[in-house]
Peer 1: 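This is the structure I have questions about; it appears just below.
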Amino acid sequence: MLDTQFIPKDSESSIYEFWLKHDLFKADSNSKAPTYTIVFPPPNVTGVLHMGHALTCTLEDILIRRKRMQGFNTLWLPGTDHAGIATQMVVERNLMKEEKKSRHDLGREKFLGKVWEWKEKSQETIVSQMKKMGGSFDWSRLAFTLDENVSLAVRECFLRLYNEGLIYRDTAIIQWCPRCHTALSDLEVKFKETPGKFWHIKYRLKGEPSKYLVVATTRPETLLGDTAVAVHPEDDRFRDFHGKEVMVPLVGRAIPVILDTYVDMQFGTVALKITPGHDPNDYIVGKKHNLPIINLMDENAVLNKEAGAYQGLDRQKARLKVLEDLAKQELLVKEENHNHNVGHCDRCGTVVEPKVSAQWFVKAEELAKDAIRAVESKEIRIVPEEWEKTYFEWMRNIRPWCISRQLWWGHRIPVWYCQQCEEAHVGLEAPTVCKKCGETKLRQDEDVLDTWFSSGLWPISTLGWPKNSQDLKAFYPTSVLETGFDILFFWVARMIMLGMKMAGKIPFHTVYLHPMVRDEHGQKMSKTKGNVVDPLEISDRLGTDALRFFLSWNAFHGRDMRVSDEGVESCKFFVNKIWNASRFVLMHFGDVKQSNVDLSNEVNQWIWSRLNHIKEEVNRSLDQYRFFEAAQALYHFIWSEYCDWFIEFIKSKDELEARKAAKESTAVEVLEEAIRLLHPFMPFVTEKLWQEMPIREQSKVSICIASYPAVDNSKKFPVAEERLARVIRLIEQVRTTRGLHQLSPATEISLSVSSLAGDSLLFELSPFKELIKKMGKLKELDFKTQEFPKETHLSIVMRDLKLFIPKSDLGDLTKELSRKRKELQEKTEALRRADEKLRNEKFINSAPQAVKEGVVKQKMDLKREVEALEQYLADLG
RNA sequence: GGGUGCUUAGCUCAGUUGGUUAGAGCGCCUCGCUUACACCGAGGAGGUCGCAGGUUCGACCCCUGCAGCACCCACCA
């Protein structure tokens, strides 16, 4: 016997233990069964899981559990990501807080020890959270992006790309974070519109100080690094300056005036200062004109000795000082307000500084070609499809990917330089001797690789690549990659590029991009806003099943989804509903242990038929990643059709006793199937209930491996569905009428039903007489072809039936009268439209037969209803 | 500047190739503690589908324009 309530907190962990004990989630690389594989997007080992992870856990678990139940050899591979900058930052911050030390105080070795400690702790937390979410992961394959094999895969990949010339070292202008002390890729810089100033500054002509150019800039401090001033070659205003030199203000250095069409003749002062060391565009112009590059700042973005008198000032202070000095020398013409986009470090928010330095790059445009084709040809399908456009847009304009980072935490770049001759050696292991000069002293590149470089290899590295492992053979390409659209470029695109290049095959057939989780007001969740909803806290309070059901219910194909307490709570009520329905069934049919279905009974036919529809819908929806549709279908079937109608149908004393006596099993079996259908969504409560079901696949130890319900053609009964639909409408009509007359549900009334479409209808209804009587709370019920006078009876027309209720059973009729008048108006209008349509020649010629028939039928129904209503109103009025 | 979405009930959203009277959940209102469930049951109100045109026998759906919102990409100094 079930407890009166399901208490998630008390049951979930023991159910999970039960699954682990029976080793139900382990994939078998030698199995003959078809495989279904999902690689879990590895969470960063920076802390705890948030709602986005909970969503990923839920949706992927739904896919995996269903496939497992369908007999697939499923692999759901869990793992965590070392997350270079992010993790290093967290540990550095902690170190500063707790020991007041920087990472340099500890040194590389010791600091990395600290990070590993942190990683162990964080991974443990994350794993326990993934378990709490009910995730059916294959824990025997738990991976980490710095695992030995992953690391080997990274070096192998680097080597191969290097040998093909797709990885190269170059001195270029890159985005530098002065806080993180590292280069960043373009994707890691977020541009934000920032209010700023536009300063107009005089650059005097060399030798003729009375003549000058005015240059506008938002960053006056960089003028210290100017190596030219550019004007448009066709701009007549500056003819006098062509081929001359101007003096850089404050430093008195002469720089050339160059001509370049890059200058926009409509913008600013139309003379442009060129600072190749600190502006990406200036860098390009500088290269073109062979200008020298002046690097003004150190790694902290503090001005260096190149800045002369300004050495030692940071960017901000230098700007103020420069402006002050310019003003003193009357070189500042004016300043105006100007909003412009300023790049910020994605991780720490610091304003980035363009900086010229030697870095490693991937020729992404080469790798992108195949990756684009794979999506174009639909070999990889992106769901929802709209994202394909975004993918193409980015991929077709992809630029070199800067992969070196000046960090400590990550994959060391597998390049060794000769101490003697600086020759670079790229390889899987450290070389012992320089191949060029024979020197034995070599040092490894100090830098590490961008985290996303190793993440990009994740689907292959976790399966054993570069070794030709059994896992790789069995599970690659994987089936689905499910993640948020925010990392489409960061991660998904790179996996496609690297997976195809390294393994020669696409990494997954489908990319499903889920919406972003927002708070209940649609705001992004953030710690500073304090609107973060913690999935574990919700799960503790309302249950994992409720949270999971809520998340799948809300996984629309839109861009945002909102999480609210109320929403999850209503899902908790649904869990409770199923629990109680099961209690009811077990209470009465707990001893029905054999399948014994009476299919001569139309109520049984109806519920079986409805169940088939739901099976079809759930399976179809999940095939299309329409989680919300599947969840809604199940909710509606279980709550409305099974609980509100089926259980109520069989609840009458005689019916219930008869069913119990005959050990009729429909109630049990339909419920058991519904529970299996629901299992991927709500794993815990369904396991608990399934174990209690008297009829189930006894050979299976858990619902996790019971079969997933599929459509059963022997249990489709369209006729019964139609009849029961009519019965339900009839009962609803009675209840509505009672409600409109403000009668209490307990007030019994009498009803006489006559047919507007022949006696056969009444004949069909007659088996349900007792049912209708009971559910409609009727004291009398007749099926007769008979009219009652308006003085004594209220008549209600519903399609092909006409109902008569004695006025003496009802109270006030005025409301009913006005309602009927309104109804008549509406129906007359609808009838007129239908009529018009049927007379339209073009409609007759071009509309499909089914539509025409539908309209004819509608017209006839309406006509009958309108006539009956008219008569009723005429009688009354 | 370029791109991509969105605008349907008070709120959050469905609405599959144009076709009978546009749906769901939540919220709200009324009535009911009927022995599975008050974490419940029964009923109800509520929408000129952002605006303006167009195509069509027929438009929430297709086309054009407009308005508003969101996001992504892009370093015009």
Peer 1: Please give the distance between the P atoms of B:rA59 and B:rG41 as a whole number of Å.
Peer 2: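 The answer is 40 Å between these two P atoms.
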Peer 1: Any idea which of B:rC76, B:rU4, B:rG25 is nearest the A:Asp264 side chain?
Peer 2: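 Side chain of A:Asp264 sits closest to B:rC76.
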Peer 1: Name the nucleic acid region contacted by A:Trp639, choosing base, sugar-phosphate or nothing; use a 4.0 angstrom heavy-atom cut-off, strictly under.
Peer 2: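 Answer is sugar-phosphate: A:Trp639 comes under 4.0 Å of backbone atoms only.
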Peer 1: Could you please name the option among B:rG5, B:rC73, B:rG25 that lies closest to any side-chain atom of A:Phe489?
Peer 2: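 Shortest atom-to-atom distance from the side chain points to B:rC73.
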Peer 1: Which is true for A:Asn840 with a 4.0 Å heavy-atom rule: it touches a base, it touches only sugar-phosphate, or it touches nothing?
Peer 2: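 Contact class for A:Asn840: sugar-phosphate only.
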Peer 1: Does any nucleotide pair with B:rG25 by Watson-Crick or G-U wobble geometry, both distances under 3.5 Å, and what is it?
Peer 2: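 Per the H-bond distance test, B:rC11.
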Peer 1: Please classify the nucleic acid contact of A:Ala581 as base, sugar-phosphate, or nothing, using heavy-atom distances under 4.0 Å.
Peer 2: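 Base contact.
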Peer 1: Quiz question: going by heavy-atom distance under 3.5 Å, is there a donor-acceptor pair between the base of B:rC57 and the side chain of A:Lys837?
Peer 2: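 No pair found.
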Peer 1: When rounded to the nearest Å, what value does the distance between P atoms of B:rC6 and B:rU64 take?
Peer 2: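 Approximately 15 Å lies between the P atom of B:rC6 and that of B:rU64.
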Peer 1: Applying side-chain hydrogen bond (donor to acceptor under 3.5 Å, both in side chains), which residue pairs with at least one partner in residues 620-631 of chain A are found, sequence neighbours left out?
Peer 2: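 Found A:Arg66-A:Asp623, A:Ser621-A:Glu629, A:Arg626-A:Glu629.
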Peer 1: Take atom NZ of A:Lys524 as the centre, draw a 6.0 Å sphere, and report whether it contains more than 12 heavy atoms from other residues, nucleotides or ligands.
Peer 2: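 No, the 6.0 Å shell around NZ holds no more than 12 heavy atoms from other groups.
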Peer 1: Rounded to the nearest Å, what distance is computed from the NE2 atom of residue A:His340 to the C1' atom of nucleotide B:rG1?
Peer 2: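 Whole-Å distance recorded here is 17 Å.
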Peer 1: Between A:Phe556 and A:Val851, which residue's closest nucleotide on RNA chain B lies nearer the 5′ terminus?
Peer 2: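 Result of the comparison: A:Phe556.
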Peer 1: Considering only B:rC39, B:rC71, B:rU21, which nucleotide approaches the side chain of A:Arg833 most closely?
Peer 2: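 Closest nucleotide to the A:Arg833 side chain: B:rU21.
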Peer 1: What's A:Lys577 touching, base or sugar-phosphate or nothing? Going by heavy atoms closer than 4.0 Å.
Peer 2: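 Counting heavy atoms under 4.0 Å across all strands, the contact made by A:Lys577 includes a base.
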Peer 1: On the six-membered ring of A:Trp401, is A:Arg494 placed so that its NZ or CZ lies under 6.0 angstrom from the centre and within 45° of the ring axis?
Peer 2: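 Verdict for A:Trp401: a cation-pi partner in A:Arg494.
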Peer 1: Heavy atoms only, 4.0 Å cut-off, all strands: where does A:Asp282 land among base, sugar-phosphate and nothing?
Peer 2: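 Nothing: the residue A:Asp282, judged by heavy atoms under 4.0 Å, touches no strand.
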Peer 1: Take the protein atom CH2 of A:Trp394 and the nucleotide atom C1' of B:rG2, then report the distance between them rounded to whole Å.
Peer 2: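 Nearest whole value for this atom pair: 17 Å.
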Peer 1: Taking atom P in both B:rC13 and B:rA52, compute the distance separating them and give it to the nearest angstrom.
Peer 2: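 Approximately 25 Å lies between the P atom of B:rC13 and that of B:rA52.
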Peer 1: For B:rC76, give its Watson-Crick or G-U wobble partner with both distances under 3.5 Å, or none.
Peer 2: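 Paired with no nucleotide.
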Peer 1: With both distances under 3.5 Å as the test, what is the Watson-Crick or G-U wobble partner of B:rC49?
Peer 2: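 Pair assignment: B:rC49 / none.
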Peer 1: Using a heavy-atom cut-off of 4.0 Å across all strands, would you classify A:Ile647 as base, sugar-phosphate, or nothing?
Peer 2: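 Touches a base.
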Peer 1: If you look at every strand shown and take non-hydrogen atoms under 4.0 Å, does A:Thr736 touch a base, only sugar-phosphate, or nothing?
Peer 2: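 Sugar-phosphate contact only - A:Thr736 comes under 4.0 Å of backbone atoms but never of a base.
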Peer 1: Please pick, from B:rU12, B:rC26, B:rA36, the nucleotide with the shortest atom-to-atom distance to any side-chain atom of A:Arg562.
Peer 2: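 So the nucleotide nearest the side chain must be B:rU12.
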Peer 1: In whole angstroms, how far is the P atom of B:rA22 from the CD atom of A:Glu826?
Peer 2: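 Distance, rounded to whole Å: 10 Å.
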Peer 1: With nearest nucleotides of RNA chain B determined for A:Phe191 and A:Lys827 from heavy-atom distances, which residue corresponds to the more 5′ nucleotide?
Peer 2: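 Its nearest nucleotide lies further toward 5', so the answer is A:Lys827.
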Peer 1: Report which part of the nucleic acid A:Glu732 touches: base, sugar-phosphate, or nothing (heavy-atom distance under 4.0 Å, all strands).
Peer 2: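 Counting heavy atoms under 4.0 Å across all strands, the contact made by A:Glu732 is with sugar-phosphate only.
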Peer 1: May I have the distance from A:His557 (atom NE2) to B:rC6 (atom P), rounded to whole angstrom?
Peer 2: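 Rounded to whole Å, this separation is 13 Å.
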Peer 1: Quickly work out the A:Lys842 NZ to B:rU55 P distance and round it to whole Å.
Peer 2: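 In whole Å, B:rU55 P lies 11 Å from A:Lys842 NZ.
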Peer 1: Under 4.0 Å, heavy atoms only, any strand: does A:Lys192 hit a base, just the sugar-phosphate, or nothing?
Peer 2: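 No contact.
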Peer 1: Which nucleotide wins on minimum distance to the side chain of A:Gln858, given the candidates B:rA36, B:rU4, B:rU20?
Peer 2: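 Per side-chain heavy atoms of A:Gln858, the pick is B:rU20.
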Peer 1: Under 6.0 Å from the CD atom of A:Glu193, do we count more than 12 heavy atoms belonging to anything else shown?
Peer 2: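 Atom CD in A:Glu193 is packed in, count exceeds 12.
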Peer 1: Please round to the nearest 0.5 Å and tell me the distance separating atom NZ of A:Lys651 and atom CE of A:Met775.
Peer 2: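 Reported to 0.5 Å precision, the distance equals 9.5 Å.
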Peer 1: Can you find a side-chain donor-acceptor pair between A:Gln733 and A:Thr736 that sits under 3.5 Å?
Peer 2: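 Judged by distance alone, the side chains do not pair up.
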Peer 1: Within this structure, what is the NZ-to-P distance between A:Lys660 and B:rA36, rounded to whole angstrom?
Peer 2: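 So the NZ-P distance, A:Lys660 to B:rA36, works out to 10 Å.
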Peer 1: Could you give the distance separating B:rA45 and B:rC26 at their C1' atoms, to the nearest angstrom?
Peer 2: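 Those two atoms are separated by 16 Å.
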Peer 1: Need one value for A:Lys651: base, sugar-phosphate or nothing, where a base atom within 4.0 Å counts as base even if backbone is also close, heavy atoms only.
Peer 2: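 Touches a base.
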Peer 1: Using a heavy-atom cut-off of under 4.0 Å over every strand shown, decide if A:Trp579 touches base, sugar-phosphate, or nothing.
Peer 2: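 Contact class for A:Trp579: none.
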Peer 1: Can you check the distance between B:rG3 and B:rG65, where both ends of the measurement are the P atom (answer in whole Å)?
Peer 2: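 Each nucleotide's P atom is 13 Å from the other's.
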Peer 1: From C-beta outward on A:Arg583, which listed nucleotide comes closest to its side chain: B:rG5, B:rC37, B:rA14?
Peer 2: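 So the side chain of A:Arg583 is nearest to B:rC37.
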Peer 1: With heavy atoms under 4.0 Å as the rule, sort A:Arg626 into base, sugar-phosphate or nothing.
Peer 2: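 Sugar-phosphate, no base atom in range.
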Peer 1: For B:rU8 versus B:rC60, give the span between their P atoms, rounded off to a whole number of Å.
Peer 2: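 Approximately 15 Å lies between the P atom of B:rU8 and that of B:rC60.
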Peer 1: What's the gap between B:rA42 and B:rC37 when it is taken at their P atoms, as a whole Å value?
Peer 2: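 My reading of the P atoms in B:rA42 and B:rC37 gives 15 Å.
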Peer 1: Only pairs with both distances under 3.5 Å count, Watson-Crick or wobble alike; so what is the partner of B:rU35 in this structure?
Peer 2: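 Partner of B:rU35: none.
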Peer 1: Using both distances under 3.5 Å as the test, list the Watson-Crick or G-U wobble partner of B:rG19, or none.
Peer 2: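 When the pairing criteria are applied, B:rC57 turns out to be the nucleotide that pairs with B:rG19.
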Peer 1: Contact class for A:Phe485 (heavy atom, under 4.0 Å): base, sugar-phosphate, or nothing?
Peer 2: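 Counting heavy atoms under 4.0 Å across all strands, no contact is made by A:Phe485.
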Peer 1: Given atom NZ of A:Lys777 and atom C1' of B:rC31, what is their separation to the nearest angstrom?
Peer 2: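 Rounded to whole Å, this separation is 13 Å.
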Peer 1: Please round to the nearest 0.5 Å and tell me the distance separating atom CG of A:Asn580 and atom CE of A:Met587.
Peer 2: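 Spacing of CG (A:Asn580) from CE (A:Met587) equals 8.5 Å.
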Peer 1: Can you check the distance between B:rA9 and B:rG27, where both ends of the measurement are the C1' atom (answer in whole Å)?
Peer 2: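 Between the two C1' atoms, the distance is 11 Å.
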Peer 1: Just name whichever nucleotide pairs with B:rA42, Watson-Crick or G-U, keeping both distances under 3.5 Å, else none.
Peer 2: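 Checking every strand shown, B:rA42 finds its partner in B:rU30, with both distances under 3.5 Å.
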Peer 1: Determine, using ring centers only, whether A:Tyr635 and A:Trp639 are less than 6.0 Å apart.
Peer 2: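 Yes - the distance between ring centres of A:Trp639 and A:Tyr635 falls below the 6.0 Å cut-off.
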Peer 1: State the pairing partner of B:rC69; accept Watson-Crick or G-U wobble contacts with both distances under 3.5 Å, and report none otherwise.
Peer 2: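 When the pairing criteria are applied, B:rG5 turns out to be the nucleotide that pairs with B:rC69.
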Peer 1: Contact class for A:Gln5 (heavy atom, under 4.0 Å): base, sugar-phosphate, or nothing?
Peer 2: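 The answer is base, as A:Gln5 lies within the cut-off (heavy atoms under 4.0 Å) of a base atom.
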Peer 1: Tell me the interatomic distance from A:Arg518, atom CZ, to B:rC6, atom C1', rounded to whole angstroms.
Peer 2: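 Going from A:Arg518 (CZ) to B:rC6 (C1'), I get 13 Å.
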Peer 1: Verify, without hydrogens or angle tests, whether A:Arg659 (side chain) and A:His588 (backbone) share a donor-acceptor contact under 3.5 angstrom.
Peer 2: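 Looks like no, no N/O pair under 3.5 Å.
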